[in-house]
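Quick notes on the structure that follows.
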Amino acid sequence: MRTADGTNLHALQDYLGLHLSRDGLEPLNRQLYRHLRGAILSGLLARGSALPASRSLCDAMNLGRNTVLHAYGQLEAEGYVVSRAGAGTYVSDALPDPPPVGTEESQAAPSPLPLSKRAQSLLKGIQQRGSPETPTFAPGMPDTSTFPWALWLRLQQRHQRSAQGTDLGYLSNGGHPALKAALATYLRLSRGVNCEAEQILITSSMQQAFHLVALATADAGDTVWMEEPGYPGARFAWQAAGLRIEPVATDAEGLRWHGSEPDPRLIYVTPSHQYPLGCVMSLARRHALLQEAAERDAWLVEDDYDSEFRHDGRPLAAMQGLDRQGRVIYLGTLSKVLFPALRMGYLVAPPDLVEPLRILQARLMREGSYIEQATLADFIEDGHFGAHLRRMRGIYAKRQSKLREALAAHLGDWLADSESPRPDQIALLGGAAGMHLTLRLPAGLDDRLFSQQLGDMGMLAPALSGYCLRPPPFPGLVLGYGGADDATLMLAAVRLARFLAEVLRRHNIDGRQ
Ligand SMILES: Cc1ncc(COP(=O)(O)O)c(C=O)c1O
């Protein structure tokens, strides 16, 4: 399309005639600018060639003068055309050449740039979860159907209406002061955490707290002891920070180290309800671990993710309450007690760590929403949090026992009545707290394959192997019972048990020795 004024105006007229639309959805000056720019970039309008005089284009295309002047002006401002006084408007000579038409370069999609080595290594082995229609058994998912939404929205609207000034700007207080105060009281009374409100930092989930803690306390190459099996979310954060993970086995009393492990900078544990096996760390083991951390100059990261839902016996206070050396960083989340999309968690830092963590959070991640945080503060202070907790505790306790009954009814002799089964038996582990049980499978079964087969049936029951860096102590499945309602859960339990019984028969596993 060689366009000297008046010479190839017809070609441009045809091209624009095909592309300009008068349906009023996009202003004509914008369309004209866009299509002329497209013609220039693709080489239809050659470098150095003249654009028609604005008047000629107006007449030819039946456009208003301002429409054309506006489009030309925009192209000139962006450097696509230059106007020469008295001589007209020309396509800039300084633009890069368009790819030759018909060549591979002009047709092939650009090849993607490689990801960083860090991302490649983090993403390796991560399986994209499908989204089964009913994600029954998805661990960590609470029941959101019982949440008092109307009440929450009323509290939230009150804060939305009154929010002003600094509450709406960039914040760097480590969280809303009212929420920090409410949480400090709750943690002191309910979890035995030894803290002042100033030691609390509100994070957008515990996941963010893992990143912050790693950033503030450990350097790439430092060692973190991690329970094996353990929480993959924490493992992911440690790996992203370049830490060396030392898997440490657990027994009925919790983390069981031998002393020959390399010195850790961090020790990550879930003492109230080991994730995912479910044991509670004994008092003796807690004292020994605090001592070990002090001797090895390590920070102890205590993940107290779901101990609010205690179903069996009195809860043990958090390990943080036993700490006399300022070694424990206590982490909590509201994902289980309320709902995950709230994206709210918190950490209680030893006094010396509070300021560095607060500044790192403000600079790198920014603080969360003060309106949500103020809403939660009211929710706690007005007693709704406690009431919701009590209600959910009842629901989950009942649901867990129904799940146990349903599995027992269909698994009969295969199911051991203790947590130490024979190798050819099945056992249900954990359940003293929280919203999941771990189903221990007979030795020799491939839990990944089994989990995959359940996935094909619409159930999301992750394999225990996925929680381990080394071969798992035994094959197993993690069964969340928080997210699905009773009827759905019972139906899924029967399907799972029948399928498992079929697999056991196929493997000639008797379970009745
Ligand atoms: C053991 C454990 N820790 C921490 C979390 C963190 O939750 P969030 O990042 O949603 O606050 C979870 C969630 O499932 C968990 O299972």
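Computed from a predicted model, the values in this text were never measured in an experiment. Start at 1 with the first residue, then count along the sequence. Remember, it's 1-based here, ligands and their atoms both numbered in the order they're listed.
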Which residue and non-hydrogen atom of the protein lie closest to [atom], and at what distance in Å?
| atom | value |
| --- | --- |
| atom 7 (O) of ligand 1 | Thr333 OG1, 3.8 Å |
| atom 9 (O) of ligand 1 | Gln207 N, 3.2 Å |
| atom 16 (O) of ligand 1 | Tyr231 CE1, 3.5 Å |

Report the C-alpha separation of Tyr268 and Trp299 in whole Å, then their side-chain angles, then the decisive distance to 0.1 Å, and conclude whether the ring-ring contact (aromatic ring centres under 6.0 Å, His included) test is met.
CA-CA 9 Å; Tyr268 164 78; Trp299 296 101; over 10 Å; no
Is there a side-chain contact between Asn194 and Arg188 (heavy atoms, below 4.5 Å)?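 No, their side chains stay 4.5 Å or more apart.
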For a 4.5 angstrom cut-off between non-hydrogen side-chain atoms, does Arg191 reach Ser272?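 A side-chain contact exists here, since the closest heavy-atom pair is under 4.5 Å.
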Ligand 1 N/O within reach of Tyr268 N/O, cut-off under 3.5 Å
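No, there is no polar N/O contact under 3.5 Å.
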Close-contact set for ligand 1 against [X] heavy atoms, below 4.0 Å:
| X | answer |
| --- | --- |
| Arg343 | 9 (O), 10 (O) |
| Ser335 | 8 (P), 10 (O), 11 (O) |
| Lys336 | 12 (C), 13 (C), 14 (O) |
| Ser205 | 8 (P), 9 (O), 11 (O) |

- Between Ser204 and Arg343, is any side-chain donor less than 3.5 angstrom from a side-chain acceptor? no
